[in-house]
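Heads up, the thing below is written out as structure tokens.
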Amino acid sequence: LAALAGAARADAALPPSAGRYRSNADLGSAIDALHAGPCAGMSSVTSIGTSVKGEEMRALEVSMDPGRTQPKPSFAFLGNMHGDEPVGRELILRLAELVCLAGAPGARADGGVGVAPATITVAEPGDERFFETARHLALRARLFFAPTLNPDGFAARARGNARGVDLNRDWPDQYGSVSDDGSATST
């Protein structure tokens, strides 16, 4: 996207360390940088809870009227449910950045006037189509980006959370519930 914006990549704002994924603290800083940077004026940051070990899990909401219930489609992008599968964390940050850059006032599919410099993603030839789709979503939907649902598992490089629960297998639904120990029960 930096090429679309006609600007250099600004890795200093969101530093992915060479050869590794962002730490949980770095992930929080990246969310804050998106909220204050490319997503300013069209985002809000909220806590969606804490992990077993007390790590706060945050989500970035992107819409034309963040923080308010709206009669439009809503989508949630959830990452890192399995702690040892961290690539989703990075992808969700990149998607959030793309949507915010595309939804910025004056943004054009060719990255013309009004597009802020990208802080995470660098465009490649043919990305204009993705930019147009992202703009459509930014203007017509309510989007929630939660890069990690399992910060404890990420820190331990383990599939399950700090209790050993595989969050994918124990995802609550309308036919079951989660007990106090984090295990799923059916009704």
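- Every residue was checked against the ring pair (Phe, Tyr, Trp, His ring centres under 6.0 Å) condition with F154, not counting sequence neighbours, and none meets it.
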| task | Show your reasoning for whether salt bridge (charged side-chain N to carboxylate O under 4.0 Å, His left out) applies to R163 and D152. | result | CA-CA 9 Å; R163 290 189 184 120; D152 298 341; over 6 Å; no
| message | As a quick check of understanding, evaluate side chain to side chain donor-acceptor pair (under 3.5 Å) for T50 and E55, giving each step before the final call. | response | CA-CA 5 Å; T50 56; E55 286 280 344; over 6 Å; no
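- Judged by distance alone, the side chain of N161 and the main-chain N or O of L167 form no donor-acceptor pair under 3.5 Å.
- Hydrophobic clustering (ILVMFWY, side-chain heavy atoms < 4.5 Å, transitive): M64 and L137 are in one cluster.
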| task | Could you walk me through whether Q70 and S63 pass the side chain to side chain contact (heavy atoms under 4.5 Å, CB included) test, one step at a time? | result | CA-CA 9 Å; Q70 302 165 45; S63 77; 2.9 Å; yes
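- Residues D166 and H82 bring a donor and an acceptor atom of their side chains to less than 3.5 Å of each other.
- The shortest non-hydrogen separation linking P147 to L93 is CG-CD2, 4.1 Å.
- R142 is linked by a salt bridge (Lys or Arg N to Asp or Glu O under 4.0 Å) to E61, counting only residues two or more places apart in sequence or in another chain.
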| message | Set out, in order, the CA-CA distance, both residues' side-chain angles and the distance that settles side chain to side chain contact (heavy atoms under 4.5 Å, CB included) for F144 and V62, then state yes or no. | response | CA-CA 6 Å; F144 298 89; V62 175; over 6 Å; no
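- Side-chain atoms of N150 come within 3.5 Å of backbone atoms of M81 as a donor-acceptor pair (strictly under, hydrogens ignored).
- What you find for I92 and G79 is that their closest heavy atoms are CD1-N, 3.2 Å.
- In this structure, a donor-acceptor pair under 3.5 Å is present between the side chains of S47 and E56.
- Side chains of R89 and N24: a donor on one and an acceptor on the other come within 3.5 Å.
- K72 has no carboxylate O lying under 4.0 Å from a charged side-chain N of D65, or vice versa, which leaves the two without a salt bridge.
- The hydrophobic cluster containing L139 also contains L34, counting ILVMFWY residues as joined when their side-chain heavy atoms lie under 4.5 angstrom apart, directly or transitively.
- Residues forming a ring pair (Phe, Tyr, Trp, His ring centres under 6.0 Å) with F130 (at least two apart in sequence, or on another chain): none.
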